[in-house]
Amino acid sequence: MAPDSITQERTEGDTATGLDYDSIVIGAGISGLYQLYRLRQQGQRVKVFEMGTGVGGTWYWNRYPGCRFDSESYSYGYSWSQEILDEWDWTEHFSPQPETEKYLNFVADKFDLRKDIQFSARVAKAYYQDDSRSWKVTLDDGTEHTSRFLVTAIGPLSAPVFPRIEGRDSFKGEAYHTGLWPKHEVSCEGKRVAVIGTGATGVQAITEIAKTAKTLTVFQRRPNWCKPLMNRKISKQEMADIRAQYDEIFQKCKESATCFLHTPDLRNTFDVSEEERLAFWQQQYDSPGFAMWVGNFRDMMTNRDANDAVSAFVAEKIRERVNDPTVAELLIPDDHGFGTRRVPQESGYFEIYNQDNVELVSILKTPIEEITETGLRTGDREFEFDMIVYATGFDAITGSFDRIDIRGAGGQTLKDKWKAGPKTFVGVMVQNFPNMYMLVGPHTALGNIPRSIEYAVEWVSDAIGHLTANGYTYADATQAAEDEWTKFVIKGNEGLLSADVDSWMTGVNQNVEGKQVRIIARYSGSAPVFREWCDTEAANGYPGITKA
Ligand code: NAP
């Protein structure tokens, strides 16, 4: 999609609108960077406010030990610039965080994006102003900034959450949340370390920390089904081969329901003999990336017997890999089936429980009651540590919105509008929040996220370009359009086994006030269907949007 029109470059404050900017973008992660680039290409005066001191979003904040992609690196990077594709070499199939952060800095430098980004700038409020059809954004430091359009690029997993346990501040040792990991070197060498949490983050961090810690105690509430990542280095020659296949790689992602390189097998689980089934699963277990999760038999996520069968297969793998049968059983989930929560990918995770320096403590029946000055206390034991690592996740999807006071027309708060769960139009607009666009907000396609981000950025850029080209200063989703999309998203969840499981995907977080009940915050249909819906909307001149 080419920009609608390129206007001459304008500078801050020289506009007849009296607004500081044409667009304000919140966040300089993967989506914010590309959004800045696109809108700037369209001749807009754009400002990005970013909480961190550097670009990268997720890949800026999550610098915990072991952090890396779960998507194939070359399927994750930007596809919109031939120069980036030509110049950037990935060195591992699943890039580690430092390399990804470097990549995003490389992009920011290449397109001189930093000049329009204000760092260390946390947006506290964003109020729509009815009279001027604009947004007023207030930062933590009290400064106010106005724009016609507001684009939120704040990510679905970016509001870190600590557990609600008494005494957290009293601990005298080192304490870190994985999503707020410090920029300075943190060494676990020779230390007594605790990790709380065994989601995708915990699994990566635990595996790495176990290599150097004197002792590592893992506090696990509910175990997750994990599968091997099968990462390896990319040689110069292999990178050249990958580069030659970029068109096919991105086309494959475009056609896949989850935007990954893996697509479901069109057979049902019990269409094949047991022997064939087990061989298929073995091959998937040994394959890199998410093959086993998103490339499995097509009924794995809807047929309970099928799901039980694949879960039993993976349970056997855990038993094979963990020496102590009691520990192995603790690591096997019994409250949800394989793939019904996000599948952590691991690189030797189960084997660390065979090490003498690692202990697994199940806190399902004996929760952590208190963090003390020297460690923590569960229902039946007291522990001493030098370091506590909180791998306790995020207030997902709506959490990053909740942390900003966002008010639409007539002063309605977004939090209030979404009290019973999000309502959106194609996951991008919210009725009564005119001129506000969300990148990877609720009810939008996610999957291999940069692929969804690129589409969202381009759709939003075109929509804003359409308004500008036609002299409109106001755009709001119609009530009918919002209702229709919201209903469609809710319907798409029906019959999915994952909809019956508590996880960030179903909006449940015991650590966040008011988030104990499952909601439908995620679009779980296929990305091509989502894009078809959005493409049709654009091709028809945006009938779901009131323009003035
Ligand atoms: P998460 O999946 O929500 O896991 C949080 C963990 O903390 C869970 O094990 C949870 O236990 C535990 N926990 C929370 N509160 C607790 C408490 N009060 N006491 C004890 N344990 C507690 O969060 P995450 O691991 O950070 O992952 C979130 C998402 O980020 C992933 O699903 C994935 O989408 C993304 N991610 C991606 C990558 C990648 O692509 N490479 C890597 C990491 C994460 P319960 O399960 O019992 O609630």
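All of these numbers come straight from a predicted model, not from anything done at the bench. Counting starts at 1 for both ligands and their atoms, in listed order.
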Selection from R68, H177, R221 by shortest heavy-atom distance to atom 48 (O) of ligand 1: R221

Heavy-atom nearest neighbour in the protein, as seen from atom 32 (O) of ligand 1, with distance rounded to 0.1 Å: W504 NE1, 2.7 Å

F219 near ligand 1 by a heavy-atom separation under 4.0 Å: no

Min N/O separation N511 to ligand 1 under 3.5 Å: yes

Identity and separation of the nearest protein heavy atom to atom 46 (O) of ligand 1: R341 NH2, 3.0 Å

Proximal atoms of ligand 1 relative to D70 (non-hydrogen, under 4.0 Å): 39 (C), 40 (O), 41 (N)

Atom 4 (O) of ligand 1: nearest protein contact (heavy atom, Å): G199 CA, 3.7 Å

Distance under 6.0 Å and angle within 45° of ring axis: R63 vs Y60: yes

Nearest non-hydrogen protein atom, atom 23 (O) of ligand 1: G393 CA, 3.2 Å

Residues T378 and E369: side-chain donor-acceptor under 3.5 angstrom: no

Which residue and heavy atom of the protein sit nearest atom 25 (O) of ligand 1, plus the separation: T201 N, 2.9 Å

Under 4.0 Å to a heavy atom of A391 - the qualifying atoms of ligand 1, by number: 5 (C), 6 (C), 7 (O)

N354 side-chain N/O to R321 backbone N/O, donor-acceptor pair under 3.5 Å: yes

Selection from Q220, R342, R222, Q345 by shortest heavy-atom distance to atom 39 (C) of ligand 1: R342

Ring-face cation contact, F401 with K415, 6.0 Å cut, 45° max: no

Single hit among I117, V151, V460 for side-chain contact (heavy atoms from CB on, under 4.5 Å) with V25: V151

Polar side-chain atom of Y390 near backbone of V195 as donor-acceptor pair, under 3.5 Å: no

Parallel, tilted or perpendicular, as decided by the 30° and 60° cut-offs, for the rings of W59 and Y76: perpendicular

Any I368 heavy atom less than 4.0 Å to ligand 1: no

Proximity to ligand 1 by part of I196, non-hydrogen separation under 4.0 Å: side chain

R164 N/O to ligand 1 N/O under 3.5 Å: no

Exam field: side chain N307 to backbone M300, donor-acceptor pair closer than 3.5 Å: yes

Parallel, tilted or perpendicular: rings of F162 and H177 (30°, 60°): perpendicular

Main-chain N/O of S95 paired to S73 side chain as donor or acceptor, under 3.5 Å: yes

Protein heavy atom at shortest distance from atom 30 (O) of ligand 1: L157 CD1, 3.5 Å

N/O donor-acceptor pair under 3.5 Å between K191 side chain and S187 backbone: yes

Spacing of K211 atom NZ and I206 atom CD1 [to the nearest 0.5 Å]: 13.0 Å

F394: numbered ligand 1 atoms lying under 4.0 Å from its heavy atoms: 26 (O)

Taking atom 12 (C) of ligand 1 as the reference point, the nearest protein heavy atom with its distance: G197 CA, 3.7 Å

I363: numbered ligand 1 atoms lying under 4.0 Å from its heavy atoms: 20 (C)

Part of A396 within contact of ligand 1 (heavy atoms, under 4.0 Å): neither

Within-cut-off N or O pair, Y64 and ligand 1, under 3.5 Å: no

T506 side-chain N/O to V501 backbone N/O, donor-acceptor pair under 3.5 Å: yes

Ligand-residue contact atoms, ligand 1 with F69, heavy atoms, under 4.0 Å: 41 (N)

Atom 9 (O) of ligand 1: the protein heavy-atom neighbour that sits closest, reported with distance to 0.1 Å: T198 N, 2.9 Å

Short N or O distance, P163 and ligand 1, threshold 3.5 Å exclusive: no

Any donor-acceptor pair under 3.5 Å from R341 side chain to D502 backbone: yes

